[in-house]
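To keep things clear, I will list the structure first and then write my remarks on it.
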Amino acid sequence: MQLPSTDLRPPVDEIAELVDLLCAKSLACKREADVVDRVLMRLVRPNHHGYFWGDRMLTLDKAAAFRDDPAFQAALARADSSTGQNQYASPDGISWRYHTLIWAARCCLCLPGDFVECGVYRGDMTWMVTETVDLQGAGKRFYLYDTFAGFDPRYSSPADFPDAPHFFDIADQIYKHPGIEAYVRQRFANKPNVVVTRGTVPDVLADVSPAQIAFLHLDMNSPAAEIGALEVLFDRVMPGGMIVLDDYGWALYRMQRCAADQFMAARGLAILELPTGQGLAVKC
């Protein structure tokens with residue numbers, strides 16, 4: 001004898017109708033992102049042991065244990081973890097991207113050479129690394145390069161973003177906001193091992209850059225500038241050195257991804273695309 005069902009969930013058709021109604025309402029109110037955030041928080045999060053929602057990335061039942069590290073928390077409290085033009089609440093921000101950089105930096109401490117970042121903006125990436133990794137104790141300098149004046153038209157143009165050419169002007173205005181350079185220099189004024197250099201990459205690299213590199217972070221938002229940086233710096237990266245490409249995995253930056261793949265393939269390397277949007281290569 002078959003017992004009566006105790007499944008009290010509404011029929012699938014009824015759920016579909018509710019979802020359709022919710023979608024119609026959210027579209028009418030232009031609040032689709034708010035609906036997604038509420039569904040994730042109220043219906044998804046309570047049913048999982050781990051939950052990360054930030055940087056347009058959702059993970060379920062993953063530990064994301066780096067968030068519990070007191071040093072990480074203290075550094076994050078003084079860093080911008082927002083995700084720019086992001087319509088979602090993203091409570092965890094770009095903290096997983098920071099974690100990736102910190103892990104790579106720690107792996108490179110035992111290698112000869114210094115650290116380099118091309119594309120600094122307000123210095124949040126460097127801040128997180130220098131606050132959580134003892135570069136000074138390891139005798140490492142961190143060299144930072146940025147125009148602090150937006151894109152250089154010799155290397156960058158709207159053609160870099162064929163799927164959204166208007167993004168070029170938006171980003172350019174953000175990056176050339178007055179006061180950014182002074183803010184960065186003041187931010188690292190008490191860290192003598194951080195060397196801030198204003199100039200266009202790759203041109204400026206010929207004048208001021210370390211002979212040996214253990215860790216290289218590229219966040220250029222520009223295929224030509226990024227490949228130019230690699231052409232100057234790649235041979236200086238020590239075997240085992242980490243190269244982190246911040247824009248690599250983002251669909252908007254597909255021109256950078258293709259250029260970087262070609263560069264690395266010509267040298268027998270492959271870039272690992274990470275769910276954070278970053279790319280990771282290890283020098284052989």
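If you read the sequence from its start, that first residue is 1, and numbering goes on from there.
- Among residues at least two apart or in separate chains, ring pair (Phe, Tyr, Trp, His ring centres under 6.0 Å) pairs with a member in residues 32-60 are Phe52-Trp96, Trp53-Tyr88.
- Looking at Thr132, its side chain never comes within 3.5 Å of a backbone N or O of Ala71 through a donor-acceptor pair.
- Distance alone, capped at 3.5 Å, places no donor-acceptor pair between the Asp34 side chain and the Arg31 backbone.
- The main-chain N or O of Met57 is never found under 3.5 Å from a side-chain atom of Asp55 such that the two would form a donor-acceptor pair.
- With respect to the salt-bridge test (charged N to carboxylate O, under 4.0 angstrom), the residues Lys176 and Glu181 do not qualify.
- Using a 4.0 Å cut-off between a side-chain N of Lys or Arg and a carboxylate O of Asp or Glu, Arg187 and Asp124 qualify as a salt bridge.
- Within the 3.5 Å criterion, the main-chain N or O of Ser222 finds a donor-acceptor partner in the side chain of Gln256.
- The closest donor-acceptor contact from the side chain of Asp246 to the backbone of Gln278 lies at 3.5 Å or more, if one exists at all.
- In this structure a side-chain-to-backbone donor-acceptor pair under 3.5 Å is present from Lys140 to Gly113.
- Applying the ring pair (Phe, Tyr, Trp, His ring centres under 6.0 Å) rule to pairs touching residues 264-284 yields nothing, sequence neighbours excluded.
- Looking at heavy atoms from C-beta onward, Met41 lies out of side-chain contact with Pro46 at the 4.5 angstrom threshold.
- Put simply, the side chain of Glu117 does not reach to within 4.5 Å of the side chain of Tyr145, judged on heavy atoms.
- Every residue was checked against the side-chain hydrogen bond (donor to acceptor under 3.5 Å, both in side chains) condition with Thr147, not counting sequence neighbours, and none meets it.
- Here side-chain hydrogen bond (donor to acceptor under 3.5 Å, both in side chains) pairs that include residues 162-171, with residues two or more places apart or in two chains, are Asp163-Arg254.
- Listed by first then second residue, pairs satisfying ring pair (Phe, Tyr, Trp, His ring centres under 6.0 Å) with a partner in residues 258-281 read Phe234-Phe263, not counting sequence neighbours.
- A cation-pi contact, defined as under 6.0 Å to the ring centre and within 45° of the axis, is absent between Arg67 and Phe72.
- Donor-acceptor pairing under 3.5 Å is recorded for the side chains of Tyr155 and Asp203.
- Within the structure, the ring pair (Phe, Tyr, Trp, His ring centres under 6.0 Å) test picks out the following pairs touching residues 192-219 (sequence neighbours left out): Phe115-Phe215.
- In this structure, Arg257 contributes its side chain and Gly249 its backbone to no donor-acceptor pair below 3.5 Å.
- The aromatic rings of Phe161 and Tyr253 lie perpendicular to each other, with more than 60° between the two planes, well past the 30° mark.
- No donor-acceptor pair closer than 3.5 Å links the side chain of Lys283 to the backbone N or O of Gly240.
- In terms of modelled atom types and a separation under 3.5 Å, the side chain of Asp114 and the main chain of Arg141 share a donor-acceptor contact.
- The main-chain N or O of Pro153 is never found under 3.5 Å from a side-chain atom of Ser156 such that the two would form a donor-acceptor pair.
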